[in-house]
Amino acid sequence: MQLLVLAVLVAGATAASFSEKNEERVLGEKLCGVGLQPYQAALLRNGNNICSGSLVHPKWVLTAAHCNIDIGTLQVHLGKYDLRVKEDTEQILTIKNVFVHPEYNVRSPSDNDFMLVELQKPAQLNNFVKTIHLATHCPDPGLQCRVSGWGSINSTQSQPTDVLQCADIYTVSQARCLETYPGKITENMFCAGVEQGGIGSCKGDSGGPLVCNGMLQGVVSWGGDICGLPGQPGVYANVCKAAEWVKNTIQKRLSESD
C-alpha cells in the first residue's frame, strides 16, 4: 500500500467548483501558516515524516489504517509546523495503543481506512494544539475543503517538505468519483480535488485531515500513481461513516480506565 495521499500542496484554489480552471496549481506553493491547523498531528520516526493525523480528543488521533506499519516506533508531534526545528509550540507524545477499524480492507485501495491512535497521556490544549469535531453529515459535491500535510511537493517524485503545506480543494460527486476509479470506490470513500490538477494530496500525506466547514470530513487515503493529474482527484476515507465507531471506541476506553 502506498503512503500516498495528501501530500498537499498547492497554491490556494480560487475556483468555485471542481470543474473551474485555476492557474495557481504548483504543488507545494502555499504554506499553512503557524497555528492555523492546530488539530494537525505529525507521526514521525526519528524526526522523519511517516504519516499525518488529526487530534479528535486530547488523548486520541485519527489517522489512516494503512499507516499501521511499525507504528510503535513513531512519536506523535502536535503544534508542529517546521519539521527541521524543535518549536516552542510543539508537544511530543508517545503511543499507547492503536485501534484499526474492524472493517478495514487491507487490499489496495483500502476500504474503511481508519485507525485511532491512543496517546500515553492527553495533549495540553492551547492556541496551537486543539481538537477538531468529526463530520456527522457526508459531503455534498462542490464543497470547499482544506487538506494539509508534509508530503511530497512534486507530482512524480518523493520530494517531501519540511514546512506544513495547505491546499483548498473541492469535493466531487460520488458518480464522478466512481467514473474516475471504476470498481474501487465504496460508500466509505469520496473524492476531492480540482479539475485541472496540480493541487491536492500526494505521497507522504497519508492519514492527514481534509477539513470542510470546520469539521473533519476526510482522512487522506489513496490516489493515482502520479499526484495531481487533471481529472484524477484524491480519495479520502469518509469520516461521516466512521464517526460512531470513533466515538464508541474512545468512550469504551475511557470507561475502562475509570
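Remember, it's a predicted structure, so these values are computed and weren't measured experimentally.
- Residues meeting the side chain to side chain contact (heavy atoms under 4.5 Å, CB included) test with Val34, sequence neighbours left out: Tyr81, Phe128.
- Going from atom CD of Gln37 over to atom NZ of Lys130 covers 11.5 Å, rounded to the nearest 0.5 Å.
- Heavy atoms from other residues, nucleotides or ligands lying under 6.0 Å from CG of Asn248 number more than 12.
- Looking at residues two or more places apart in sequence or on another chain, you find a side chain to side chain donor-acceptor pair (under 3.5 Å) between Ser52 and Gln40.
- Shown here is Gln120, whose CD atom has more than 12 heavy atoms of other residues, nucleotides or ligands within 6.0 Å.
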Start with the C-alpha distance between Leu93 and Lys121, add both sets of side-chain angles, then the distance that settles side-chain contact (heavy atoms from CB on, under 4.5 Å), and finish with yes or no.
CA-CA 7 Å; Leu93 301 170; Lys121 63 179 183 178; 3.6 Å; yes
Donor-acceptor contacts, no H, no angles, side chain residues 131-139, under 3.5 Å, sequence neighbours left out:
none

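- Applying the side-chain hydrogen bond (donor to acceptor under 3.5 Å, both in side chains) definition to pairs two or more places apart or across chains, those involving residues 69-78 are Arg45-Thr73, His77-Glu90.
- In this structure, CG on Asn213 lies 9.0 Å from CD on Gln144, to the nearest 0.5 angstrom.
- In this structure, Phe190 and Val235 have side chains that are not in contact, with every pair of non-hydrogen atoms separated by 4.5 Å or more.
- Results of the side chain to side chain donor-acceptor pair (under 3.5 Å) test with His66 over Ser206, Ser221, Ser110 single out Ser206 as the only residue that passes.
- Scored by the side chain to side chain donor-acceptor pair (under 3.5 Å) test, Thr186 finds Asp111 as partners (sequence neighbours excluded).
- Applying the salt bridge (charged side-chain N to carboxylate O under 4.0 Å, His left out) test to every pair with at least one member in residues 136-146, sequence neighbours left out, gives these pairs: Arg146-Asp168.
- Counting only heavy atoms from C-beta outward, the side chains of Pro58 and Leu125 approach each other to under 4.5 Å.
- In this structure the side chain of Leu62 reaches within 4.5 angstrom of the side chain of Leu216, judged on heavy atoms.
- Residues Trp150 and Val163 fall within the same hydrophobic cluster, defined by Ile, Leu, Val, Met, Phe, Trp and Tyr side chains chained together at heavy-atom separations under 4.5 Å.
- Applying the salt bridge (charged side-chain N to carboxylate O under 4.0 Å, His left out) rule to pairs touching residues 208-219 yields nothing, sequence neighbours excluded.
- Hydrophobic clustering (side-chain heavy atoms under 4.5 Å, transitive across Ile, Leu, Val, Met, Phe, Trp, Tyr) keeps Tyr39 apart from Met215.
- A donor-acceptor pair is defined here as one N or O able to donate and one able to accept, closer than 3.5 Å; no such pair exists between the side chain of Asp162 and the backbone of Leu83.
- The closest side-chain heavy-atom distance from Asp113 to Tyr104 is below 4.5 Å.
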Check: residues 237-244 side-chain donor-acceptor pairs under 3.5 Å, at least two apart:
residue: Asn238; atom: ND2; partner: Glu187; partner atom: O; Å: 3.3

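- Using a 30° and 60° split on the angle between ring planes, Trp222 and Tyr181 fall in the perpendicular class, above 60°.
- Side-chain atoms of Glu195 never come within 3.5 Å of backbone atoms of Pro230 as a donor-acceptor pair (strictly under, hydrogens ignored).
- Under the 4.5 Å side-chain heavy-atom criterion for grouping Ile, Leu, Val, Met, Phe, Trp and Tyr, Leu143 is not connected to Tyr236 through any hydrophobic cluster.
- A pairwise comparison of heavy atoms in Thr63 and Cys67 identifies OG1-SG, 3.9 Å as the closest pair.
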Kindly indicate, with the supporting measurements, whether the criterion side-chain contact (heavy atoms from CB on, under 4.5 Å) is fulfilled by Cys191 and Arg176.
CA-CA 8 Å; Cys191 289; Arg176 177 65 182 280; over 6 Å; no
Just do the side-chain contact (heavy atoms from CB on, under 4.5 Å) check on Asn68 and Val100 with the steps written out, would you?
CA-CA 8 Å; Asn68 190 20; Val100 174; 3.7 Å; yes
Please step through side-chain contact (heavy atoms from CB on, under 4.5 Å) for the pair His57 and Leu254, ending with a clear verdict.
CA-CA 11 Å; His57 178 279; Leu254 291 175; 3.8 Å; yes
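- With hydrogens and angles disregarded, no donor-acceptor distance shorter than 3.5 Å links the side chain of Gln196 to the backbone of Val194.
- Here the closest non-hydrogen pair linking Thr161 and Gly149 is CG2-O, 4.3 Å.
- Ile250 has its side chain out of reach of Lys59: every pair of non-hydrogen atoms, C-beta onward, lies at least 4.5 Å apart.
- Contact of the Ser152 side chain with the Cys227 side chain is not registered, since no non-hydrogen atoms from C-beta on lie closer than 4.5 Å.
- Proximity of a side-chain donor or acceptor of Gln174 to a complementary backbone N or O of Met189 within less than 3.5 Å is detected.
- For Phe99, the side chain to side chain contact (heavy atoms under 4.5 Å, CB included) partners at least two apart in sequence or on another chain are Trp60, Asn97, Leu116, Glu118, Trp245, Thr249, Arg253.
- Partners of Asp82 under the side chain to side chain donor-acceptor pair (under 3.5 Å) rule, at least two apart in sequence or in another chain, are Arg84.
- With contacts defined as side-chain heavy-atom distances shorter than 4.5 Å, the pair Thr171/Cys145 qualifies.
- Side-chain atoms of Thr94 and Leu74, non-hydrogen and from C-beta on, never get closer than 4.5 Å to each other.
- In this structure, the separation between CD1 on Ile50 and CG on Leu44 is 7.5 Å, given to the nearest 0.5 Å.
- Taking OG of Ser54 as the reference point, atom CG of Leu210 lies at 9.5 Å (rounded to 0.5 Å).
- Expressed to the nearest 0.5 Å, how far OG of Ser173 lies from CG of Leu178 amounts to 8.5 Å.
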